[in-house]
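Here's the structure we're looking at; comments come further down.
Quick note: residue numbers are just sequence positions, from 1. Atoms within a ligand are numbered from 1 in the order they appear, just like the ligands themselves. Computation of the quantities below employed the complete heavy-atom set of this structure, encompassing side-chain atoms and omitting hydrogens, waters and symmetry-equivalent molecules.
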Amino acid sequence: ELSSDALTDLRAGLVQEYEALKAQGLKLDMTRGKPASAQLDLSAEMLALPGNRDTTAEDGTDARNYGNLQGLAETRALFSTLMGAPADQIVVANNSSLALMHDTIVYALLKGVPGGKGPWSKEEPITFLCPVPGYDRHFALCEGYGIRMIAIPMTGAGPDMDAVEKAVADPSVKGIWCVPKYANPSGETYSAETVRRLASMKTGAPDFRIFWDNAYAVHHLSAERPELANILDACAEAGNPNRAFIFASTSKVTLAGAGLALWASSPENVRWYLAQAGRRSIGPDKLNQLRHVRFLRDDAGIAAHMEKHRELIAPKFTAVEEAFAARLGGQGVAQWSAPKGGYFITLDVQDGTASRVVALAKEAGIALTPAGATHPYGKDPNDRTLRIAPTFPSLADVRKAAEAVALCTLLAAVEARLG
Ligand code: PLP
């Protein structure tokens, strides 16, 4: 609403501020959602477990030896609530759930899944639905294996289900990526209605799968804890018991490089998965499984541990929100999320300026995730959405970086309006 003279004056002031920012010689990284060292320290005691003589699992087997592809029964029981599945429908693997997603896709491409007509790779081209904004590594997996992607907008309660229901009528659509709780990066949690519709919708492909990446199941940032409906139960009730593959890990519970990856599904899918995985490995690292059981113990133990994470990272999210509100509030040039959990804040800047904001920030020494990373093929058609990852830098650095990003956002918006 400002006149062009007023905008020109505003720009001059912002440029002056920006030059002063650059002169500070900052070197800050807000790109990846990594836990800070202080968070990893919360699991320091775990490294001494299970202890020298404590290597016998509940079933009497020696955790140091080969075997037990599905994972120890006590470890599967420990994560039953988190996974929303009975222990016998859970697989506990090594350190990365992304690796399990990769393997599940590759097995489906090479061998097919229960209920299908054979290898997905023989049905090329196949398609996945990709709710946006979403997780870049999901999209990279599809792109790497030649799976077409269709972007579906998120609504605040999960993906736009009208669009999803329409798209899945096409039998080439084999899957959908879902981060159903505290989504990466929007922070939203799918509503019960969204879960119900995903579980019960009619799909053209008889072997359609939901890739339910529940990476942030227990990663709360506030006392407000939105409930996520149980996808396995919803699928079974709707008569589609094999529809969901569930993934999670303790990467952001214990150690990001040395946690446990978790996989769960229907009994038939579990048998299918283990048949494939059995060719790949004789068994996982069960000492790490015992270590986690001894350290986290039970649901209460997991909750108490996650509370310590919350105490460390919630102030960083607050700092970003305060910096954005102070600088961008009421300006009409940006909107940002106030997540109740997870690892990210989304910043929607003025359309057409996200890349410019990233470039301005880079010149001022602040690394941001590239604009477009939240969309398939790295292309955000509106050049609007930025993903802010506040967990890794120190609180002071997060504050500085957020203030700088807000300045860059304003400057890019004013530049765009002046043309
Ligand atoms: N899924 C989502 C949604 C993530 O945000 C991340 C990490 O940022 C991962 C999976 C990676 O998980 P893992 O460390 O278990 O491979």
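Listed by first and then second residue, the ring-ring contact (aromatic ring centres under 6.0 Å, His included) pairs that reach into residues 352-401 come to none, sequence neighbours excluded.
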Short N or O separations between ligand 1 and the protein, below 3.5 Å:
residue, atom, partner, partner atom, Å
ligand 1, 1 (N), Asp213, OD1, 3.4
ligand 1, 1 (N), Asp213, OD2, 2.5
ligand 1, 5 (O), Asn184, ND2, 2.9
ligand 1, 5 (O), Tyr216, OH, 2.6
ligand 1, 8 (O), Tyr216, OH, 3.4
ligand 1, 8 (O), Lys252, NZ, 2.7
ligand 1, 12 (O), Ser97, OG, 3.2
ligand 1, 14 (O), Ser251, OG, 2.6
ligand 1, 15 (O), Ser97, N, 2.8
ligand 1, 15 (O), Ser97, OG, 2.7
ligand 1, 15 (O), Ser249, OG, 2.7
ligand 1, 15 (O), Ser251, OG, 3.3
ligand 1, 16 (O), Ser96, OG, 2.8
ligand 1, 16 (O), Ser97, N, 3.2
ligand 1, 16 (O), Leu98, N, 3.0

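Aromatic ring centres of His102 and Tyr145 lie closer together than 6.0 Å. Centroid-to-centroid, the aromatic rings of Phe245 and Trp263 come within less than 6.0 Å.
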Show the atom names and distances, to 0.1 Å, of all donor-acceptor pairs under 3.5 Å that link a side chain in residues 226-234 to residues at least two apart or in another chain.
residue, atom, partner, partner atom, Å
Asn230, OD1, Leu232, N, 2.9
Asn230, OD1, Asp233, N, 2.8
Asn230, ND2, Gly84, O, 2.9

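Between Phe247 and Phe211, the ring planes lie parallel to each other; the angle is under 30°, not in the 30° to 60° tilted range.
With sequence neighbours excluded, no residue satisfies ring-ring contact (aromatic ring centres under 6.0 Å, His included) with Phe344.
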